[in-house]
Trainee: 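Quick one: this structure, given as structure tokens, is what I'll be asking you about.
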Amino acid sequence: MATRSSEFGSIEAQPVPIPLEEGDRVELKRTYCKVCMTSCGLVAEVANDEKILKVKADTRHPITQGYSCPKGRATGQLHHLDNAITNPLMRKNGKLVEVSWDEALDDIGARLRKVIDAHGPDSVGMYFGSGLGLDSAGYSMEEAFYAALGTPPKFTPLTNDTTAKVMIAGAMAKFYGINPKTDYDNCQMVLYVGTNPMVSHAHNTGMFKPGNWLKAINKRGGEVWVIDPVRTETADFAKGHIAAYPGRDYAVLAWVVREILADGPLDPRQPVKNLDRLRGLLADYDRAKAAEIAGVPEEQLQDLLDAIRRRKIVAIETGTGTGMSPGGNLTVWFAWLIMILTGSMNVKGGLWIHPGAIFPFDQFVDHLPLLESAFTPGSHVRPDVKGILGDWPCAVLPQEIEQGYMHALFNFGGHLFRSFPDTNALHAALPKLDLLVSTEITHNELSEYCTHILPTKNTVERNEFTRWDTLNWSVNLQYAPALVKPQGERRSAWWVISQFMRRADLPLPNHVPTEHSDENDELMQSMLLTHARCSWEELKEKRVVEFPRELPAPWVDRFFERNGGWELVPDELEAQWRQFRTEDEAQLGKPKPLVYTSRRQRRKFNGQMGFLGEIADCLIHPDTAAEHGIADGQQVRVSNKSGEITVTAKLDPTMRPGVCSIPHGHRDANVNNLTSTHDMDPLGGMALYSAVPIEIEPA
């Protein structure tokens, strides 16, 4: 893979060979993977508490049972990277130089206070990136920083990933915490829409050993179905594969909802509201129209409906493939409608609702907050775009800077150029900031824009537990001590954030210590388990604690009695449906434009792990390739109004014609060059990364 040089050398970090030397003391240490929410158990060979020699799956792990993927087994390589940052960096005379912690924190504190005094706390933006997203104590201090500023611009991966699931939970259930998960032990039918668990382990599902679970469904006589323009690895297990046109897969599901309302199976297990209103919305949405909009044969829609009627209970899982598209909200909405109307929610063989391990929803069901609205106010520059959970769309960040609203940005472990839309807009805007602070352990494209880079302990240098518990496979918590000592002067993220807050004279929670130490790390983590199903001491001792769950769960029924039932037709979604339907029907009979859809790769995780060898390829049907004069293995220029990238053509006869599938997260073929700060979903601010029109030609 080609790399670009900078003052820091290659900015595509590569693993550094770690030899075993005579006299090294080697230990086997158990931990869990912190790359994704599957949290697979791992065993690491560690020399002298500082070198990770080898990592493999833990066969004794009670949940993942000896499974891991290539990303988890690369844990040691992720730790031992070139361009490692081990001391604080501060920009002096145009260059980043190593400084002491005191000098860096004093300077940040003084400059932060100056920005606040001159422009107000609302001029300070924060990105809650994935890097510190898995740092339980560090993330809690990010939240404290946010609270101390009031309600400044807040950005998270939500609007670069998919807001739809959280939005639908808030809009239909009045509570963001409703998180349905497939009952894989008993399900007879599961439908995957725009997600490929064989590679991505499903979208925030924590699915380990995906092949085994899919085989088990088929072995017991069940059915796997897939809606995806790519013939994915998951589709190889499927009874039915519908290659719908990207961004219009909701048309298939909308017609299925209409037919369920008309002739069943209609048997909701929780109270529902506005059933007749939903009937009216879909009354004349016939099969021929839906099939043409989705770009698939009518017979495939009928086959899917017949399967649902055979099984009566169906689990539907959606992912980034659809959530990143213009129609993502509608797809998730209709998917949930199918599950609600067929009585598949909170039932054996259907979906279970995660009750929480850190904050047990079932124990506080009568006190869970009920939302008046799922939506929160938008940004300065795009007040017409609604927010979710207080998040602002990541797409507005450049405009917030350019129009003078934002003067400082704190990037907590995010890879902005590989995750934010419109790379060119970011390049132009970031130099205009007065302060750009990033927590990072290796150089990347953002380094040249930073005023300060603060090296915080990485995932193997700190004790950690699974804070995002409702995204886990089961009701469980895991804990793992640090595998190795921190490199150089790396410090705990909670301490780093609290220190520049103190120096900027911002209020802190009373329990936050002033000194960094292993004991204080654990104090900060233990504070998060005040209401948990187990104590901090039990979690530390057992390392993995699994809790029983009921299905059906009485707390779920109690919750829906309390909130009045599922809201089948949220006003905002009805309005979006009417808009899309008008646009769809205006395009009937016209050719569909060539679009790209994003894809994850087995040996890569978003912007990380380029060293595992995945290339930026473009899956394309041979007929589509021939129309554009493209041969297999040829370099292809992909362009649109936002920019262009060059990828390698990979002809695939199983691809849907008229669609290019391109992986995201590559530096030299960054799909963010094809996205726009203006093209986003108006309900949640989700940037559009899929179903984006393009042109292609030989490079």
Trainee: For T156 and D391, which I'm curious about, is there any donor-acceptor pair between the side chains at under 3.5 Å?
Mentor: yes
Trainee: Short question: side chain of R73, backbone of L42 - any donor-acceptor pair under 3.5 Å?
Mentor: no
Trainee: Do F465 and I358 come within less than 4.5 Å of each other through their side chains, counting heavy atoms only?
Mentor: yes
Trainee: Less than 4.0 Å between a side-chain N and a carboxylate O, is that true for R467 and E143?
Mentor: yes
Trainee: If you define the side chain from C-beta out and look only at heavy atoms, does anything of I116 sit under 4.5 Å from V124?
Mentor: yes
Trainee: Could you check whether any side-chain heavy atom of V437 comes within less than 4.5 Å of a side-chain heavy atom of C450, counting everything from C-beta outward?
Mentor: no
Trainee: Taking NZ, NE, NH1 and NH2 as the nitrogens, is one of them in K51 or D24 under 4.0 Å from a carboxylate oxygen of the other?
Mentor: yes
Trainee: If we only count heavy atoms from C-beta on, is the R418 to H664 side-chain gap below 4.5 Å?
Mentor: no
Trainee: Would you check if S642 and N424 make a side-chain contact, meaning some heavy-atom pair closer than 4.5 Å?
Mentor: no
Trainee: Distance-only, no hydrogens or angles: does the T376 side chain make a donor-acceptor pair with backbone N or O of G387 under 3.5 Å?
Mentor: yes
Trainee: Is the F500 ring parallel, tilted or perpendicular to the F412 ring (thresholds 30°, 60°)?
Mentor: parallel
Trainee: Going by distance alone, is a donor N or O of one side chain under 3.5 Å from an acceptor N or O of the other, for W494 and D521?
Mentor: yes
Trainee: Do side-chain atoms of S526 reach the backbone of E522 as a donor and acceptor pair under 3.5 angstrom?
Mentor: yes
Trainee: Do the ring centers of W536 and Y479 come within less than 6.0 Å of each other?
Mentor: yes
Trainee: So L435 and H452, side chain to side chain contact (heavy atoms under 4.5 Å, CB included) or not? Walk me through it.
Mentor: CA-CA 8 Å; L435 180 64; H452 305 75; 3.6 Å; yes
Trainee: Kindly indicate, with the supporting measurements, whether the criterion side chain to side chain donor-acceptor pair (under 3.5 Å) is fulfilled by H119 and S123.
Mentor: CA-CA 6 Å; H119 306 286; S123 66; 5.6 Å; no
Trainee: Any side-chain donor paired with an acceptor under 3.5 Å for Q403 and H380?
Mentor: no
Trainee: In a check of side chain to side chain donor-acceptor pair (under 3.5 Å) between H666 and each of K604, Q601, E614, which one passes?
Mentor: Q601
Trainee: Classify the angle between the aromatic ring planes of Y449 and H427 as parallel (below 30°), tilted (30 to 60°) or perpendicular (above 60°).
Mentor: tilted
Trainee: Side-chain donor-acceptor pair under 3.5 Å between H79 and Q487, yes or no?
Mentor: yes
Trainee: CE/M524 to OG/S140 distance, rounded to the nearest 0.5 angstrom?
Mentor: 4.5 Å
Trainee: Under the rule for side-chain hydrogen bond (donor to acceptor under 3.5 Å, both in side chains), what residues qualify as partners of R113, not counting sequence neighbours?
Mentor: D117
Trainee: I want to check something: taking the side chain as every heavy atom from C-beta on, are L674 and I645 in contact at a cut-off of under 4.5 Å?
Mentor: yes
Trainee: Between R25 and D49, does any side-chain N to carboxylate O distance fall below 4.0 Å?
Mentor: yes
Trainee: Could you go step by step and tell me if H415 and N606 meet the side chain to side chain donor-acceptor pair (under 3.5 Å) rule?
Mentor: CA-CA 9 Å; H415 206 319; N606 298 336; over 6 Å; no
Trainee: Strictly below 4.0 Å, N to O, side chains only: are E103 and K92 in salt-bridge contact?
Mentor: yes
Trainee: Only one of N673, N672, D668 clears side chain to side chain donor-acceptor pair (under 3.5 Å) with N670; which?
Mentor: N672
Trainee: Measure across V671 and P663 and return the closest heavy-atom pair with its distance rounded to 0.1 Å.
Mentor: CG1-O, 3.7 Å
Trainee: Within the distance-only criterion (no hydrogens, no angle test), does the side chain of T163 pair as donor or acceptor with the backbone N or O of L158 below 3.5 angstrom?
Mentor: no
Trainee: Can a donor-acceptor pair be found, under 3.5 Å and without considering hydrogens, that links the side chain of K386 to the backbone of G378?
Mentor: no
Trainee: Thinking salt bridges, do D434 and K114 make one under a 4.0 Å N-O criterion?
Mentor: no
Trainee: Nearest 0.5 Å, what's the OG1-CD1 distance between T451 and I108?
Mentor: 6.5 Å
Trainee: If the threshold is 4.0 Å, N to carboxylate O, is there a salt bridge linking R111 and D106?
Mentor: no
Trainee: Report yes or no: does T456 contribute a side-chain atom to a donor-acceptor pair with the main-chain N or O of T439 at less than 3.5 Å?
Mentor: no
Trainee: Let's go through E440 and N444 carefully: what are the C-alpha distance in whole Å and the side-chain angles of both, what is the deciding distance for side chain to side chain donor-acceptor pair (under 3.5 Å) to 0.1 Å, and is it a yes or a no?
Mentor: CA-CA 9 Å; E440 189 54 84; N444 58 50; 3.1 Å; yes
Trainee: With side chain to side chain contact (heavy atoms under 4.5 Å, CB included) as the test, would you mind laying out the steps for V396 and V385 before giving the verdict?
Mentor: CA-CA 10 Å; V396 306; V385 177; over 6 Å; no
Trainee: Check whether any side-chain N or O of T466 sits under 3.5 Å from a backbone N or O of Q478 as a donor-acceptor pair, and report yes or no.
Mentor: yes
Trainee: Parallel, tilted or perpendicular for W101 and W495, by the 30°/60° rule?
Mentor: perpendicular
Trainee: Is the side chain of S498 donor-acceptor paired with the backbone N or O of T514 at a distance under 3.5 Å, no angle test?
Mentor: no
Trainee: Between D58 and R30, is the closest basic N to carboxylate O distance under 4.0 Å?
Mentor: yes
Trainee: Between E489 and P88, is there a donor-acceptor pair closer than 3.5 Å when you use the side chain of the first and the backbone of the second?
Mentor: no
Trainee: Mind checking the NE2-CG spacing from H407 to L112? Nearest 0.5 Å is all I need.
Mentor: 13.0 Å
Trainee: Within a strict 4.5 Å, meaning less than it, do heavy atoms of the F208 and S68 side chains meet?
Mentor: no
Trainee: Please name the pair of heavy atoms, one in P513 and one in R502, separated by the smallest distance, quoted to 0.1 Å.
Mentor: O-NH2, 3.2 Å
Trainee: Between R600 and S200, do the side chains contain a donor N or O and an acceptor N or O under 3.5 Å apart?
Mentor: no
Trainee: Apply side chain to side chain contact (heavy atoms under 4.5 Å, CB included) to residues M406 and L433 and explain how you reach the verdict.
Mentor: CA-CA 7 Å; M406 188 183 300; L433 289 167; 4.2 Å; yes
Trainee: Just by distance, no angles: are the side chains of N520 and E515 close enough, under 3.5 Å, to form a donor-acceptor pair?
Mentor: no
Trainee: Answer yes if the side chains of Y689 and N160 hold a donor-acceptor pair under 3.5 Å, and no otherwise.
Mentor: yes
Trainee: One pair to check against side chain to side chain donor-acceptor pair (under 3.5 Å): D161 and H203. What are the steps and the verdict?
Mentor: CA-CA 10 Å; D161 191 322; H203 184 246; 2.8 Å; yes
Trainee: Would you call K540 and E538 a salt bridge, using N to O less than 4.0 angstrom?
Mentor: no
Trainee: Does I85 reach the side chain of N83, with side-chain heavy atoms less than 4.5 Å apart?
Mentor: no
Trainee: Are there over 12 heavy-atom neighbours, none belonging to K29, within less than 6.0 Å of that residue's NZ?
Mentor: yes
Trainee: Before you tell me yes or no, could you show the steps for F155 and F128 under ring-ring contact (aromatic ring centres under 6.0 Å, His included), namely the whole-Å CA-CA distance, both residues' side-chain angles and the distance that decides it to 0.1 Å?
Mentor: CA-CA 6 Å; F155 306 93; F128 288 68; 9.8 Å; no
Trainee: Does T64 use its side chain to pair, donor to acceptor, with the backbone of C40 at less than 3.5 Å?
Mentor: no
Trainee: Is the shortest distance from a Lys or Arg side-chain nitrogen in K34 or E461 to a carboxylate oxygen in the other one below 4.0 Å?
Mentor: no
Trainee: List the steps, then state whether side chain to side chain contact (heavy atoms under 4.5 Å, CB included) holds for L132 with Y139.
Mentor: CA-CA 6 Å; L132 288 197; Y139 195 89; 5.5 Å; no
